[in-house]
Structure formats: structure tokens, C-alpha cells
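In listed order, ligands and their atoms are each counted from 1.
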Amino acid sequence: MKRLRCDQTPAWAALQAYFDASGRQFDARAAFAQDARRFEAFSQDAPHVFADLSKNLIDADSQALLLALARQCGLEQQRDAMFAGELINSTEQRAVMHFLLRNPPLAQEGYAPSATNNIAEAQGQVEATLTAMLAYAEQVRADAAITDIVNIGIGGSDLGPQMAVLALGEFAAAGKRLHFVSNIDGDELAGVLRRLKPGNTLFLIASKTFTTLETMTNARSAKAWFEAQGGQGIARHFAALTTNVAAANDFGISTTFGFWDWVGGRYSLWSAIGLPLAIAIGAAGFREFLAGAHAMDAHFRGAALEDNLPVRLGLLDVWYRNFHGFSSRSIAPYSSALRRWPAYLQQLEMESNGKRVDIDGQPLPFDTSPVLWGEPGTNGQHAYFQMLHQGTSVVPVEFVAVKQAAHAPNDLPGHHAKLLANALAQAQALMRGKADAGGHQDFPGNRPSTFLLLEQLTPASLGALIALHEHRVFVSGAIWGINSFDQWGVELGKVLARDIEPRLHSGDVSGLDGSTAGLLQRLLST
Ligand code: F6P
């Protein structure tokens, strides 16, 4: 697909001219004073998610130019190529079809297999695997002897299921404790194993490749612990979630649930990697989760760009990163259940779009992924919000709030209203600011934020929220012309660790830089 690089489009030049002329000085407070309909114009309903974008540094002109940029960069064609199953992950020659994992049967969607893809065949495998996995999840839920489920995986094989299991804790089966072990630091696994009995434990070894150092090390230790503790029946107490079923079998695990190379690790929660969630919320709950995501897929595929929430968010990200020069975004879920949301988004966005070359490997002269960081509200308010209000850098904030609490309001009267009041107040304070001649109590204001609102945190709304962000990351990646679906940047450290580990035993520092050699010697000194 031949396309113009974003910074060579007429829209990019127009955006720069607009930014230099007036965009830089844009004041959201003045914009609200001038336009009584600003909230309506800059908010967007999407499946299960309402977004208020009106406190952002945008107006009708900048939005129109951003939409022109999307069109000139071929965003719609790139989106359609993904949904057509084309090999858009070109550095790995793979299709990107995580959306298929949450598709209802193909006939309803008008898909047809083409020369470049085998969507119909893939969809059949998806449905068969999903059915088997959900039957297994129900079997585990019904098995009273299994009280503890330990997911061993890292990155996409940990962050998604962990975040979702915590988020949907209110829907989880009683009597099942879910644990997540990711770190190679043995303290993490040891801390979990200490509390377990082999006969009551199910280990899920979650690894797309079944080669990841952390996961294989933890899996081997878990198996050794199981056997040393007198555990019987690996087939009943270990299952593998992987594209590499042969490696799982070689490891000694016969209960396996597969997925495919067209599912990226950070997009794999919808596949067998979602098994911990399926065990927690059940087969019906998991299907609702998939349906929520599918509704967002349909919105992304079908809504006009101007009414398309992933598109509007992704374009805002480009506007902030490349024109305003904002280098980070703070993620503020006002929901304790969403406490792993910022960590999950870090992988989704920074591993996808933290790239410095375009899809053809040519260096880019503009910035790509911002830094994402955050903590749940209201905790963050008592930690770093000081900097957001009065620091020298502008950091756009993304609030996520849930209208209805999961707990019965009468059980804990007042909590939820106070939580929501704080979310609204922080967004308001960031924008409004406060003048004070003394300086110390002066808040500049005009600090942008987006407010995402869910009616309730349910399997369906969580599915939609996640898919929204997958597509938003797709949008900014497509505008920047990068491959959002590879992750070569994590390889070098893995290779160097393989070289260093034996040196920690031998003490050999030859060929190392002075710092690494000095640290290694300090680690080995008695
Ligand atoms: O470190 C990079 C990465 O490949 C992630 O993209 C992935 O989610 C994670 O490692 C785990 O990989 P796997 O599921 O193959 O163990």
C-alpha cells in the first residue's frame, strides 16, 4: 500500500500553520465561554463508552485538519487492510486479526475469504478453540477441589488477564483464588507457592511462544514444586495457553489451548490467554466480554471518522505528541477495580508505538509513542497530581470513571459520590486553574483532559474499553506510518542477559563495558 508519510501531507503542514498561528494559544476556558454547545460537539458516544473530549485543546478547525490528516494518511485503507486479514505486520509477515477472536459467526459479518487471507478458515478454528476453552473453564469452576489458579506468564500473557480479572472481581466465582506470577524474581513465585497445596492448585502456563525466559523458568519451578510436594496428575493440574503446543507437550503438559501467530501478545486477552478471566467470570461472562469488544470493532469499522471514538482519540494523541510536544499521558482510572489499567495500557501503547522507524525501516523525523503512566484515583491525587496542576510540563490526563458502583450503594453510603466528585473536580481544576498573585497558589489551568465514562464496569463494557484502546493505538500508529504490531525493541536486552548470566557464575568480565563489569564484580564480591 503506497501512502504519504504523515509529515509530508498537506494536512500536516496546515496543522503546523494553524498551531503556529493560534493553536498553541488555544484556551479551553475561552472556548467554553464562546460556545454553549462545546460539550456536545466534543463528546462522543460509542458502544458502552461515553467520551467527553471537550476539555482538550481542540476546536472545530483543528479537528477538521486532523481528520484530513487521517484521510491523507490512508487511515481507512489501513484499517480495512487489517480487517481484511492482510499481512500488515510486515516485519514478521503476519496478519493482525485479534478482532476475529471476538467475532460472531462470519456469515453475519459479510466476510469472504480472499487471496490474501484465510479468514474463514481461521474463524472456524477460533470458534472451536473458544468452545473448548470455555467448556474447560466451566469444568474448573465446577471442580470444588481446585481453589487456586496460578497464571504464569509475562507481558501480554499476564497484564491483560490480570487487569481484567481484577476489573471484574464483582463477577467472579466464589471459592476460586486467582494468582498471577510474571517476574523471574523467585520471590514472587515463592510468595504464591507458600500459600498453596498442590492438590488444590491449577497452573496455567501462558506463553504465546513457550520460550520466554521468565515464564519457562517459573513454569519449571512450579512443576518441580508440584512434584516435590507429592502432587499427582500434571494433566489435571497444569494447562498451557500457547501457539506452540508442541513445546508445551515437550514440557510435559498435555492439556493445551492454542492460538495463532496472527494474535500479538498484547492483543491476546481474547484468545486462550483469557482463560483465567473465563474461569473467573464463566463462559457466559467471557462471551459478553467478547461481544462488548466486537461492538467496538463494529463502531471502529463502520462509523464515519468524525464520529469514530478510536479515531478521535488517536488523532488527539497525534495532535498532542507532534504539535503540542507533550511527551506523556497520565492514566487516571477512578476505579479501584481498574488499578492495573495503566500498566496494561503501557504495554499496549508503548510496545506497539514506541518505534523510531517507519514501516519500511526509514528513520522518522517526528515523535511517536508518549510515555503512559498513572495510578487509580483518588490515590494519584495524593501523590503526583501536584505536578499535573502546577508543574512546568503539561501532561494530558485521561480519566476513566464508572457511573454505577459495583458494590450496593447502601452498603457503603457516600463512597461512590465522593469518588465521582473527585474525578470531576480534578478535571475541572486542571482546566480552570486559579489565579493567585503570590505564585505558590497559582494554578495556570488550561491543562487538557479526556473523560471516559462507563455506565457500569461489566464484562461487556470492559471488553469495549479495551478494544477502544487497541484501535486508538492502531490509529496513531497508522498516522505515523509505523508497524504497531512488532516489538523488536525488547530483543537486545534478552540476548545480553543470556551472555551475562554465565558471567555471574564465572566472574568473567572480559569484553564488558566498565560499568557492567564494575557492577558484576560488586555483585560477586564477598
Ligand atoms: O517481551 C516482549 C514479549 O514478546 C511481549 O510482546 C509478550 O507479550 C511477552 O513478551 C510474552 O511473550 P510470550 O507470551 O511469548 O511468553
Side-chain angles (χ1 to χ4, degrees), residues 88-98 101 129 133 150-165 180-185 188-189 203-223 238-251 253 256-277 340-355 368-369 372 466 469-470 473-474 477 482-498 500-501:
I88 63 168
N89 176 359
S90 53
T91 62
E92 298 178 302
Q93 281 300 300
R94 289 178 183 164
V96 174
M97 303 199 290
H98 47 271
L101 301 167
T129 308
M133 166 191 140
V150 184
N151 189 80
I152 294 180
I154 197 164
S157 301
D158 165 68
L159 290 163
Q162 190 185 17
M163 177 274 291
V165 163
F180 289 85
V181 174
S182 53
N183 204 317
I184 200 163
D185 182 344
E188 189 172 59
L189 180 62
F203 291 97
L204 303 176
I205 313 302
S207 176
K208 177 175 171 181
T209 54
F210 226 76
T211 58
T212 303
L213 176 76
E214 292 88 338
T215 302
M216 297 325 298
T217 305
N218 280 324
R220 271 191 295 272
S221 299
K223 196 166 158 227
F238 282 78
L241 323 174
T242 185
T243 60
N244 191 353
V245 170
N249 293 155
D250 287 349
F251 184 88
I253 300 181
T256 60
F257 296 94
F259 58 109
W260 305 273
D261 70 357
W262 43 262
V263 184
R266 52 196 174 274
Y267 300 88
S268 61
L269 174 56
W270 322 99
S271 72
I273 294 294
L275 181 57
L277 179 65
R340 292 295 284 166
W341 180 241
Y344 167 77
L345 281 190
Q346 282 177 329
Q347 189 199 14
L348 179 62
E349 189 154 341
M350 293 164 74
E351 195 171 82
S352 296
N353 285 350
K355 310 283 165 70
T368 58
S369 176
L372 269 68
I466 298 170
H469 284 77
E470 289 178 347
V473 168
F474 179 90
I482 60 184
N483 182 356
S484 299
F485 299 101
D486 61 11
Q487 58 284 320
W488 299 107
V490 296
E491 292 306 316
L492 178 59
K494 292 184 191 172
V495 171
L496 295 184
R498 279 201 287 277
I500 289 176
E501 196 194 339

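- Using a 4.0 Å heavy-atom criterion, the residues that approach ligand 1 are Ile154, Gly155, Gly156, Ser157, Ser207, Lys208, Thr209, Thr212, Gly265, Gln347, Glu351, Gln487, Val490, Lys494.
- By the 4.5 Å heavy-atom criterion applied to side chains, Ser182 and Glu214 are not counted as neighbours.
- Distance CG/Asn183 to CG/Leu189: 10.5 Å, rounded to 0.5 Å.
- The distance from the CG atom of Leu159 to the OH atom of Tyr344 is 9.0 Å, given to the nearest 0.5 Å.
- For the salt bridge (Lys or Arg N to Asp or Glu O under 4.0 Å) condition, the pairs that include at least one residue of residues 484-494, sequence neighbours left out, are Lys355-Asp486, Glu491-Lys494.
- Residues Ser484 and Asn353 have side chains that bring a donor and an acceptor to within less than 3.5 angstrom of each other.
- Under the side-chain hydrogen bond (donor to acceptor under 3.5 Å, both in side chains) test applied with Arg266, the options Gln347, Gln487, Gln346 reduce to a single match, Gln487.
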